[in-house]
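Only one structure is covered here, and it is reproduced in the block below.
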2 protein chains.
Amino acid sequence: MAKTTSNKTIDNSTEEKIKAAAQKVFHQKGYAATRTRDIALEAGINLALLNYYFRSKQKLFNLIMEAALIKFMMSLKMVFNDEKTDLQTKVERICARYIDLLIKEPELPLFIMNELRHHPQFIADKIEPLDILSNSVFATQFKEAVKKGSIRPTHMLHFIMNILGLAVFPFIAQPILKNIGKLNENQFKKLMMERKKLIPQWVKLMMNPT
Amino acid sequence: MAKTTSNKTIDNSTEEKIKAAAQKVFHQKGYAATRTRDIALEAGINLALLNYYFRSKQKLFNLIMEAALIKFMMSLKMVFNDEKTDLQTKVERICARYIDLLIKEPELPLFIMNELRHHPQFIADKIEPLDILSNSVFATQFKEAVKKGSIRPTHMLHFIMNILGLAVFPFIAQPILKNIGKLNENQFKKLMMERKKLIPQWVKLMMNPT
DNA sequence: GTCTATATACGGATAGAC
DNA sequence: GTCTATCCGTATATAGAC
C-alpha cells in the first residue's frame with residue numbers, strides 16, 4: 001500500500017487509517033455499541049480528528065456499511081451475470097468466493113444482516129439497484145433448466161437461499177457451532193474449506209430431478 | 001392469561017408486563033440500541049419501576065437472553081434426544097419446529113447470534129451444558145448410519161450446519177431475500193412453509209450414499 | 001408498588017490553540 | 001491537520017414522596 005510510483009500518498013493517509021479502524025470496530029460491535037472514541041483509539045488519532053474528516057458517526061458508518069454491502073453482494077452479482085459459465089459452475093464459484101471471503105472476514109454477514117434491520121434505507125438504496133434475480137444470466141439459465149427438466153421445478157429463491165444458507169450460515173452461527181462441536185478456530189476453518197467442495201455437490205444432488 | 005382459577009394473578013403482573021416489553025424491544029433492537037425508557041414505555045409503566053423490579057438493564061437483559069437461548073436450543077435438544085424417532089424423522093421435526101418458531105418470532109436467531117458476540121459468557125453458561133452432540137441419541141444414530149453405509153460419511157457438524165442453514169438462514173437474511181425476490185411478508189411466509197416439507201427431502205438427497 | 005424529580009456518567013460533537 | 005479542553009444532550013440508575 002503506502003505509496004504509488006508517483007509521490008502521492010494513497011493509503012496510509014489519516015483518512016484511510018480512520019476508515020480502516022472504523023471498519024474493524026463497526027464490524028465487530030455494530031453501530032449502536034460502537035464508540036467513536038474506540039475508533040479514534042484504534043486509528044491512533046484523536047476523536048476531534050475523526051469528526052474533522054467525517055463530520056459525524058453516522059456519516060462514517062454509512063461509508064463502512066456501503067462498502068460492506070458491496071463486498072457482500074458483488075460476488076453474487078458478478079457470478080450470476082457471467083455469460084460464460086453454466087449453472088453448476090456458478091454454484092461452485094459462489095461457494096468458493098463466499099467461503100474465501102468469510103474466512104478472511106467472518107464478521108461481515110452478521111454485521112450486514114444486523115445493521116440492515118436498523119438502517120432500512122440501505123435496503124432500498126444499495127440492494128434494490130443490484131436486481132440480481134429478474135434480469136440475470138443466472139435467472140435465464142435457471143428457468144431454462146427447469147423447462148428442460150434438468151433440475152427439479154423450484155422457486156428460484158429456494159435455490160438462492162439454499163446456496164447462501166449452506167455457505168454463509170455457518171459463519172453467522174460460528175460461536176454456537178464451535179461450542180457444540182468443540183472446535184477451535186483452525187478446525188472450524190478446515191470444515192469451511194471442506195464445504196467449498198461439498199456444497200456444490202450437495203446442491204446438485206438436491207436439485208436432481210427424481 | 002389474566003388469572004388462574006385461583007385468585008392469584010399470574011401473567012398480567014407488572015413484572016411480566018415488563019419482561020414482555022423487554023423481550024420485544026431487546027429482540028428488535030439488540031442490547032446496545034435498546035433504551036430502558038423504550039421498554040418502560042412499551043410496558044406502560046415508569047422507568048423507575050423497571051429498576052425496582054430488575055435492578056439494572058443488564059440484569060433484565062440476562063433474563064431475556066437466557067430465555068431466548070433456551071427457546072432456540074431446546075428444539076435441538078429435545079428432538080435430538082428422542083429415543084423413539086429415527087434420523088430422518090428427527091430432521092423433519094427439527095425443520096418443522098424451527099420454521100414454526102421462526103415464523104412466529106423471526107427476529108430470534110439474529111438477536112441471539114448478534115448478542116452472543118458481545119456477551120460471550122452466555123456461550124459457556126448456557127450452551128455448553130446442553131452438550132447436544134457427543135451424548136445425544138442423534139449422535140449415536142448418525143454414527144451408526146455412517147457405519148452401515150446408509151448415509152455418506154460426513155462430519156456430523158456439516159449435517160447440523162446444513163439443516164440449520166437451510167431452515168434458519170432465510171429468516172436471518174429476510175430483508176435481503178425479500179428485496180431480491182420482490183416478496184411481501186405473506187409470500188415470504190409461504191416460501192418458508194414450503195421449506196418445512198422441502199428441506200427434509202433435500203437433506204435426504206444430499207446424504208444419500210453414491 | 002408506583003410515581004416525579006434528580007444525580008451521575010457517558011458519548012457525540014465543537015471551539016479554539018498550535 | 002492535529003491536538004486539548006469542553007459543551008451539551010441523553011441514558012442509566014436512585015432518592016424520596018405518595
Side-chain angles (χ1 to χ4, degrees), chain A residues 1-3 7-66 111 114-115 118-119 121, chain B residues 1-3 6-66 111 114-115 117-119 121:
Chain A
M1 306 282 177
K3 280 164 184 272
N7 59 2
K8 217 197 316 177
T9 305
I10 286 212
D11 225 325
N12 267 349
S13 66
T14 302
E15 192 170 334
E16 289 303 320
K17 269 187 346 203
I18 298 174
K19 266 196 205 170
Q23 165 171 334
K24 183 171 169 186
V25 181
F26 276 135
H27 281 209
Q28 260 174 36
K29 315 225 244 191
Y31 180 80
T34 291
R35 311 291 149 224
T36 50
R37 282 171 167 81
D38 297 341
I39 297 177
L41 184 69
E42 175 74 31
I45 52 99
N46 189 278
L47 172 60
L49 206 52
L50 184 151
N51 284 291
Y52 170 77
Y53 276 104
F54 297 98
R55 300 288 303 163
S56 76
K57 178 187 180 183
Q58 183 67 54
K59 285 198 172 63
L60 177 53
F61 173 80
N62 289 350
L63 293 176
I64 303 302
M65 182 67 180
E66 186 172 340
F111 169 72
N114 196 50
E115 298 303 331
H118 308 307
H119 311 270
Q121 73 275 21
Chain B
M1 305 285 174
K3 278 164 184 275
S6 81
N7 60 1
K8 217 197 316 178
T9 305
I10 286 213
D11 223 326
N12 267 349
S13 66
T14 303
E15 191 169 335
E16 289 303 320
K17 268 184 354 200
I18 298 174
K19 266 197 205 170
Q23 164 170 335
K24 182 170 170 188
V25 181
F26 277 135
H27 282 208
Q28 259 173 37
K29 314 224 245 195
Y31 180 82
T34 290
R35 309 293 146 223
T36 49
R37 279 172 169 81
D38 298 341
I39 297 177
L41 184 71
E42 176 74 31
I45 53 98
N46 188 278
L47 172 60
L49 206 51
L50 185 150
N51 285 292
Y52 170 78
Y53 277 103
F54 298 97
R55 301 285 303 162
S56 76
K57 179 186 178 183
Q58 183 67 55
K59 285 200 172 60
L60 177 53
F61 174 79
N62 289 351
L63 293 176
I64 303 302
M65 182 66 181
E66 186 172 339
F111 169 73
N114 196 48
E115 298 303 332
R117 293 193 302 178
H118 307 310
H119 311 270
Q121 73 275 20

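Computation of the quantities below employed the complete heavy-atom set of this structure, encompassing side-chain atoms and omitting hydrogens, waters and symmetry-equivalent molecules.
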Exercise for the section: Grab the two heavy atoms, one from A:Lys19 and one from A:Ile64, that are nearest each other, plus how far apart they are. Expected result: O-CD1, 3.6 Å
Completion exercise
To the nearest angstrom, the CG-P distance between A:Leu41 and C:dC10 comes to 16 Å
Handout entry: Minimum heavy-atom distance between A:Lys59 and A:Phe54, given as atom pair plus value
Key = CB-O, 3.4 Å
Practice task
Could you please name the option among C:dG1, D:dG1, C:dC3 that lies closest to any side-chain atom of B:Ile45?
Solution key: C:dC3
Exercise for the section: Specify whether B:Tyr31 and B:Phe26 have parallel, tilted or perpendicular ring planes, treating 30° as the upper limit for parallel and 60° as the lower limit for perpendicular. Expected result: parallel
Completion exercise
Quick tally for nucleotides 11-18 of chain C: nucleotides whose base has a protein heavy atom under 4.0 Å get B, sugar-phosphate-only ones S, the rest -, giving BBBBB---
Exercise for the section: Heavy atoms only: give me the nearest B:Arg117-B:Asn114 pair and the separation to one decimal. Expected result: NH2-OD1, 2.8 Å
Handout entry: Over all atoms of both residues, closest heavy-atom pair of A:Asn51 and A:Ser56
Key = OD1-CA, 3.9 Å
